[in-house]
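One-based numbering, in listed order, for ligands and for the atoms of each. Every heavy atom of this structure was used, including side-chain atoms; hydrogens, water molecules and symmetry mates were not.
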Amino acid sequence: MTKPLTKDDYTPNDVTVHRDPERLRRVTRALKAAGRNIALVPTMGALHEGHCKLIREAQVMQNTVVVVSVFVNPTQFGPNEDFDRYPRSFESDVDICREERVGLVFAPSVDDMYLPGSTVTVSPGPLGDELEGRTRPGHFAGVLSVVAKLFNIVQPTYAVFGEKDYQQLTLIHRMARDLNFPLDVVGVPTVREPDGLALSSRNRYLSEEERSAATALSAALVAGAYVSGQGADAVLKAAGDTLAAVPGVDLDYLELRAPDLGPAPENGDARLLVAARVGSTRLIDNAAVLLGAGDE
Ligand SMILES: Nc1ncnc2c1ncn2[C@@H]1O[C@H](COP(=O)(O)OP(=O)(O)OP(=O)(O)O)[C@@H](O)[C@H]1O
Ligand SMILES: CC(C)(CO)[C@@H](O)C(=O)[O-]
Ligand code: BAL
């Protein structure tokens, strides 16, 4: 017999932590039956101001209970990536969620998320092998599969993601459309440090010297956007020169694409995306640019 829900499963004005996917699903279903919207903010924990911005964006929606998931998903990490050392700070994450008036934190174990023998995954299609996917094969199948599972467990009305992970956001929009998930995917602009560095949990890996070199990524995006009126070649040159001028920044890719990550247009809206290794830390960033529209 499943235990009936009690006020310990959801307390208005406080945060409740759930670990069991089935129980969490019953709680969100009951809240929806009672007329509430559910907004999901998926994270891997180690929460920072970027995550808080997503939570606040989720709070703006009317009559909504915000669910923050905290799950370091093993299936999106390659064998030589940082799954084991990924920052984990669960207690302080829950404190932040309480301060941000989050209703529910969902923090399942790996064993509860991936039952023995599970083999079915979501295929991202060709975009999954480009940009991030070239350096991180299988990454987006891992991301989309866990996000699909979170959608099915939490059953949100809205799901909120950051533009910092622009390719991820694009693929999640596409998955929601292609697989008919009944929810709205909401993208939130990147939150930055005063010197331009995009907030990221992985910034905590950086030494002082690396932290200073890491500003090259956002500086390159600004340099590229600044000359966007002169067209794509000028954008890539200005951004590339900015990156090359900073020692200790090992470029992975710098690409201009259409906003949906198809081929870049000659003129009009485009996206400039960069990934680079600073020491042993791999960082990504991106920005909108308007090609060929300037007065240069
Ligand atoms: N600076 C930021 N501004 C806006 N959203 C962000 C920012 N950083 C992360 N997010 C978003 O928060 C969500 C959870 O991301 P995650 O927990 O992986 O944090 P992260 O800082 O991106 O970590 P990582 O160092 O792994 O890139 C994602 O939707 C991500 O795009
Ligand atoms: C969306 C996500 C929580 C899936 O594990 C992760 O990729 C992230 O934190 O961006
Ligand atoms: N923030 C994206 C998750 C990852 O790098 O695995």
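Taking any N or O of Asp165, backbone or side chain, at least one lies under 3.5 Å from an N or O belonging to ligand 1. For the pair Glu163 and ligand 1, the shortest N or O to N or O distance does not fall below 3.5 Å. Inclusion of Gly162 in the set of residues having an N or O under 3.5 Å from an N or O of ligand 1 is warranted. Note: an N/O pair closer than 3.5 Å links Met44 and ligand 1 by distance alone. Inclusion of His48 in the set of residues having an N or O under 3.5 Å from an N or O of ligand 1 is warranted. For ligand 3, one of its N or O atoms has an N or O atom of Arg202 under 3.5 Å away. The distance criterion of under 3.5 Å between nitrogen or oxygen atoms is met by Leu199 with respect to ligand 1.
For Asn13, the CG atom is loosely surrounded, since the number of other residues' heavy atoms within 6.0 Å does not exceed 12. The environment of CG in Asp233 is sparse: at most 12 heavy-atom neighbours from other residues, nucleotides or ligands sit within 6.0 Å. Counting non-hydrogen atoms of neighbouring residues, nucleotides and ligands closer than 6.0 angstrom, the CZ atom of Arg101 reaches no more than 12 such neighbours.
In plain terms, the two heavy atoms of Pro124 and Leu171 that are nearest each other are O-CD2, 3.7 Å. What you find for Ala159 and Leu183 is that their closest heavy atoms are CB-CD1, 4.5 Å.
Taking the ring centre of Phe83 as origin, the terminal cationic atom of Arg88 falls inside the region bounded by 6.0 Å and 45° from the ring axis. Geometrically, Arg36 does not engage Tyr158 in a cation-pi contact defined by less than 6.0 Å to the ring centre and at most 45° from the axis. In this structure, Lys149 forms no cation-pi arrangement with Phe71, as its terminal cationic atom is not both closer than 6.0 Å to the ring centre and no more than 45° off the ring axis. Taking the ring centre of Tyr205 as origin, the terminal cationic atom of Arg85 falls inside the region bounded by 6.0 Å and 45° from the ring axis.
In terms of protein heavy atoms, atom 9 (O) of ligand 2 is closest to Met44 CG, 3.3 Å. The nearest heavy-atom contact from the protein to atom 5 (O) of ligand 2 is Gln76 OE1, 2.6 Å. In this structure, atom 8 (C) of ligand 2 lies nearest to the protein heavy atom Gln168 NE2, 3.7 Å. For atom 2 (C) of ligand 3, the nearest non-hydrogen atom of the protein is Asp165 OD1, 3.2 Å.
Nearest-heavy-atom check against atom 4 (C) of ligand 1 across Gly187, Pro189, Ser200, Ser201 picks out Pro189.
Every atom of ligand 1 with a heavy atom of Phe161 under 4.0 Å away is listed here by number and element: 29 (O). Those atoms of ligand 1 with a heavy atom of Tyr86 less than 4.0 angstrom away are 18 (O), 23 (O), 24 (P), 25 (O), 26 (O). Every atom of ligand 1 with a heavy atom of Thr43 under 4.0 Å away is listed here by number and element: 14 (C), 17 (O). Against a heavy-atom cut-off of under 4.0 Å, His139 is close to the following atoms of ligand 3: 4 (C), 6 (O). Of all the atoms in ligand 3, the ones that sit under 4.0 Å from a non-hydrogen atom of Gln76 are 3 (C), 4 (C), 6 (O).
In this structure, Arg136 has a heavy atom closer than 4.0 Å to ligand 3. Heavy atoms of His51 approach ligand 1 to within less than 4.0 angstrom.
Atom-to-atom distance recorded for Arg211:CZ and Asn203:CG is 6.5 Å, nearest 0.5 angstrom.
Contact annotation for Ala46 and ligand 1: no heavy atom of the residue comes within less than 4.0 Å of the ligand. Looking at Leu54 against ligand 1, only its side chain comes within 4.0 Å, counting heavy atoms. Under 4.0 angstrom from ligand 2, there are no non-hydrogen atoms of Ile172.
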